[in-house]
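Accompanying notes for the structure given below.
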Amino acid sequence: MNPIFSLPFHQPVVIFTLVLLLILAAPVLFRRLKIPDVVGLIIAGVAVGPYGFNLLERDASFQIFGQVGILYLMFLAAVEIDMYHFKQNLKQGLLFGVMTFLIPSALGMVAARFAFGAGLTTCLLLASMYSSHTLISYPVVSRFGLQNGKSPILAVSATIVAVLLALITLASVVKLQTTGVFDVMDILELLLYTAGYALAVGFLFPWLTRFVFRKISDPVAQYIFILALVLFGSLLAQLIGLESILGAFYVGLVLNRLIPGRSSLMHHIKFVGNAIFIPYFLIGVGMLINVHVIFSGWKVAWVAVNMILVALVSKWIAAWLAQKAFRLTPTDRRMMFGLTSGKAAATIAATMLGYQYGIINEDIMNGAVLMILACCLVASVATERTSIQMRLELTAAEMESTGVERPKFARQIVAVANPITAEGLMRLAVFMRSPKNIEPVTALFVRNSDDPRSLRAGRYSLRTAAQAAQEMGVTAVEEERFDLNVVSGLTNMIKQTHATDVVIGFHRKANIVDSFFGQMTDTLLRETMKMVVMSRCFIPISTVRRIVVVAGAKSQYETGFHGWVARIGNLAQQLACKVIFLVSAETSRYIEDIISTDGYGIRRIYQEMTEWEDFILLSGDVGPEDLLVVIGARRGSVSYSAEQEEMPEFLSKNFSAHNLMVIYPEQFNG
C-alpha cells in the first residue's frame, strides 16, 4: 500500500483535506438528524480520532489549530458583545460568575468526598473542573444574532469569573500537592500581575490598533495585525500564570470598539474563525475522547455518571438561582445553562495536570473525559433549542410592538467622484443605517463632460464605494449619470430612487472668495428638502472615539429631527463610541425620548447649550480622534437663526483640521 494512505494518515495534504471534508460534511449530515453543528463536529472528531477509526492522530496541527481555535472562540465572544449592554449587565454577570463557580465547587467537593472517598487535594481539583466552563456552544448564539441578549451577556461575563477562580483553585491544588503547603502570597502575586496585565493591555493595545489602522487600510493586513494581538495577549496572560483563554477574551473586550460589527474586518474575523479555527478546535476536542472506557468496567461508568450529573445539575442550579435573583425568564435560564455547561479547555487542562501529579487516578481521568463529552453534547443541544425559542420570541415581540411611529428605513445616495474619499463616505453611510435596513444604497457619479481623466476617477470611485458597501453586507447600486451639473444629477436621482438621504464629501475651497460649503452645496440645499449629510474625516471612521453633536434651539420641531437622531444613534451604536450632545435642555429631552424608545444602546451625555456662543466655549474639547457633528438649518426653517448664517465661517476658521460632519435634516417632508 502507498505509504500516503497508511493509517493513521501522516501526509499533510491528506490530513488537511480530510479535516476540510469533515468541516463541510459533518454539520450537513448531523443537521438532518437534528443534531447541532457543534455536536456534529465533536462526534466527527471522535470517529476519525485515535479512539475511533484511527484515521488521524492528534498531531501538532491539531494542537496548534485547536489552541488557536479556543482562543479565537473567546476573542470572538468578546468582540461581538455590544459594550453598552455589557456594561449595563456587568455587575449581574460577575455575580452570576461567582454563583456558577461556588455552587458546582461546593456540590463537587461533597460528591467527590462521599462518592469516591477522595482526599482534600482531589476534591479541590474536581471542584475546579466542575466550576469552570468553556463557551463551546457560543457559535450557535452568534449564528442566531442573540449575542447582545441579556442572558448570553450574563453567561459570557460569568465565564471570566468562573475560569479565573477555577484557575486559582487549580494552581493552589498543584502547589499543595507538590510542596505540601498553601501559600496565600502566591494568589496575591497572581492578582497583582493580573491587574498590571489588565492596565497594560487595556491602554497599549487600543492605542497601537488606532495607530496601525490609520496607517494601513488593507483589511487583510488589519486582520493579521488583530490576530497577532490576540495571540500576543494570550501569551502574555500565560506568562503571568493566567489561562490563555482569559487573555484572548480580554483582548477582545479592549478592541471591541475598534472592530464595528458591520466592518469588513469583522467579516474576515468571523469568516476565518467559523471556517477553520473553531471547527478545528471542536474536532480536536472529539479526538481526545475515548468512548471505549465506558465498557472497561463498572467503576469507570459509575465515576462518569456521577461526574456528569454533578457537573450538569450544579450548573443548572446556578442558572436557576440567577434567573430568580435577576427576574429573568425560563428561556433566559435555559440559555445561561446551555452556555455555562460546556466544558473543554480549562477542564482538559485540570484533568491532565491532576493525572500528571497523581491527584486523580485513571478511573477519574476517564470519567472526566466522558464528562467533557456529555457536557459538550448537552450544552450544544440546550443552546441550539433555546436559541431557536428565543429568536421566535424576539421576532414575535417585534411584530406585536406598537408605540411611537418611527421613520422608514433610509434610502441613501452616496455621491462620489474622488477615489480617495469614496470608500470613507460609503462606510459612513452604511454605519448610519439601521442594521435591519435591506434597502440598497446608491453610489452615484455625476459627470457633465467626457474628460477621460475625470471619467476614470469617477468610475473607479464608484467601484471603490460599491465594494466597501458589499464588504459591509449592503447591496450597492452603481449609477453613472450624465447631467447639466452635479446638483441637477443629484436631484434627478433623488426623485428617481425616492431617496431620503444624500451623503456627499466636503467642498474644497477653490479661492479666497469661495464659501466654506461651496456653490454646489448651497444650490443643493435649495433644490432639495431631503436630508443632506456632508462629511470630512481624516481618520478611518471606525477609529473615532467620541461623537460630539451640536444642535441649535428648536431643532426638535423640524420635520427631520427624528431622522438625524436615528442616524447618529445607528452610527454611535455600531462604532460603540460615546456621544456628547451640546443642545438645549428642552432639545435633550426629545433626543433622549427617541434614543430610549427606539432602543439605541449608546453611551451618551448632555451638555446644555443655550446659544451658539456656548458652543464656541465648549468646542475646545473636540480632539483629533473625535467626530464633530453640526446640525444645520435651512433658511426659513423653524430652527434657523442668525447664528446659523455664521456657522460655516466659524467651522472653517476653527475646525479646518478636525473630523467634521454637517447634517441638514429633511424639511417639510422633502
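This one's a predicted model, so the numbers in the text were calculated from it and none came from an experiment. Side chains are part of it too, since the values below use all heavy atoms of this structure and drop only hydrogens, waters and symmetry mates.
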Exercise for review: Scan for side-chain hydrogen bond (donor to acceptor under 3.5 Å, both in side chains) pairs involving residues 206-219, sequence neighbours excluded, and state none if there are none.
Suggested key: Arg214-Glu625
Check your understanding: Within the distance-only criterion (no hydrogens, no angle test), does the side chain of Arg634 pair as donor or acceptor with the backbone N or O of Leu525 below 3.5 angstrom?
Key -> yes
Exercise for review: Could I get the full list of ring-ring contact (aromatic ring centres under 6.0 Å, His included) partners for Tyr606, not counting sequence neighbours?
Suggested key: Phe581
Check your understanding: If you look only at pairs with a residue in residues 267-277, which of them pass as a salt bridge (charged side-chain N to carboxylate O under 4.0 Å, His left out), with sequence neighbours excluded?
Key -> Glu80-Lys270
Practice item. Return the set of residues passing salt bridge (charged side-chain N to carboxylate O under 4.0 Å, His left out) with Asp483 (not counting sequence neighbours), or none when no residue passes. Key: Arg481
Point to revise | Sub-4.5 Å side-chain heavy-atom contact between Gln467 and Glu471 | key: yes
Check your understanding: Are any non-hydrogen side-chain atoms of Pro206 and Leu258 less than 4.5 angstrom apart?
Key -> yes
Pairs of donor and acceptor atoms involving the side chains of residues 149-157, under 3.5 Å and at least two apart or interchain, shall be tabulated with distances.
residue	atom	partner	partner atom	Å
Lys150	NZ	Gln92	OE1	2.9
Ser151	OG	Asp332	OD1	3.0
Ser157	OG	Ile153	O	2.8

Exercise for review: For the pair Asn659 (side chain) and Cys537 (backbone), establish whether a donor and an acceptor sit closer than 3.5 Å, ignoring hydrogens and angles.
Suggested key: no
Check your understanding: Will you find, in the side chains of Thr464 and Ser461, an N or O donor that is under 3.5 Å from an N or O acceptor?
Key -> no
Exercise for review: Measure the shortest side-chain to side-chain distance between Leu455 and Arg459 over non-hydrogen atoms and say whether it is less than 4.5 angstrom.
Suggested key: yes
Review point. According to the salt bridge (charged side-chain N to carboxylate O under 4.0 Å, His left out) rule, which pairs have a member within residues 546-563, sequence neighbours left out?
Key: Arg546-Asp626
Point to revise | Pairwise distance CD1(Ile595) to CD1(Ile602) - rounded to 0.5 angstrom | key: 4.0 Å
Review point. Where the side chain of Ser454 meets the backbone of Asp451, is there a donor-acceptor pair that is under 3.5 Å apart?
Key: no
Study note, to complete from the structure: Result for side-chain contact (heavy atoms from CB on, under 4.5 Å) between Thr528 and one of Arg526, Lys530, Met531 points to Lys530
Point to revise | Contacts of Arg453 that satisfy salt bridge (charged side-chain N to carboxylate O under 4.0 Å, His left out) - sequence neighbours left out | key: none
Exercise for review: Please work out whether the ring planes of Tyr72 and Phe75 are parallel, tilted or perpendicular, with thresholds of 30° and 60°.
Suggested key: perpendicular
Check your understanding: Looking only at side chains, do Thr331 and Gln389 share a donor and an acceptor under 3.5 Å apart?
Key -> no
Review point. Is there a donor-acceptor pair closer than 3.5 Å between any side-chain N or O of Ser488 and the backbone N or O of Leu484?
Key: no
Check your understanding: Is the side chain of Asn256 donor-acceptor paired with the backbone N or O of Ile81 at a distance under 3.5 Å, no angle test?
Key -> yes
Exercise for review: Spell out, as yes or no, whether a donor-acceptor pair under 3.5 Å connects the side chain of Gln574 to the backbone of Phe431.
Suggested key: yes
Exercise for review: Considering only NZ, NE, NH1 and NH2 on the basic side and carboxylate oxygens on the acidic side, decide whether Glu592 and Arg604 come within less than 4.0 Å.
Suggested key: yes
Practice item. State, without any angle test, whether Glu666 and Thr500 hold a side-chain donor-acceptor pair at a distance under 3.5 Å. Key: no
Review point. Under the ring-ring contact (aromatic ring centres under 6.0 Å, His included) test, which residues partner Phe561, sequence neighbours left out?
Key: Trp564
Check your understanding: Does Glu478 have any salt bridge (charged side-chain N to carboxylate O under 4.0 Å, His left out) partners at least two apart in sequence or in another chain, and if so, which?
Key -> none
Point to revise | Sole candidate of Val503, Asp501, Val474, Ile413 that passes side-chain contact (heavy atoms from CB on, under 4.5 Å) when paired with Val441 | key: Val474
Exercise for review: State whether the side chain of Ser263 and the backbone N or O of Pro260 hold a donor-acceptor pair below 3.5 Å, judged by distance alone.
Suggested key: yes
Point to revise | salt bridge (charged side-chain N to carboxylate O under 4.0 Å, His left out): pairs with one or both residues in residues 568-588, sequence neighbours excluded | key: none
**Study point:** Under 3.5 Å: donor-acceptor pair, side chain of Ser555, backbone of Gly552
**Key:** yes
Check your understanding: So, Ser637 side chain and Ala633 main chain: donor-acceptor pair closer than 3.5 Å or not?
Key -> no
Practice item. Report the residues that fulfil ring-ring contact (aromatic ring centres under 6.0 Å, His included) with Phe445, sequence neighbours left out, ordered by chain and then residue number. Key: none
Exercise for review: Rounded to the nearest 0.5 Å, what's the gap from CD on Gln556 to OG on Ser639? Could you check?
Suggested key: 9.0 Å
Practice item. Of all the heavy-atom pairs spanning Ala248 and Val230, show the shortest one and how long it is. Key: CB-CG1, 4.1 Å
Check your understanding: Among pairs that include at least one residue of residues 457-502, which meet ring pair (Phe, Tyr, Trp, His ring centres under 6.0 Å), considering only residues two or more places apart or in two chains?
Key -> none
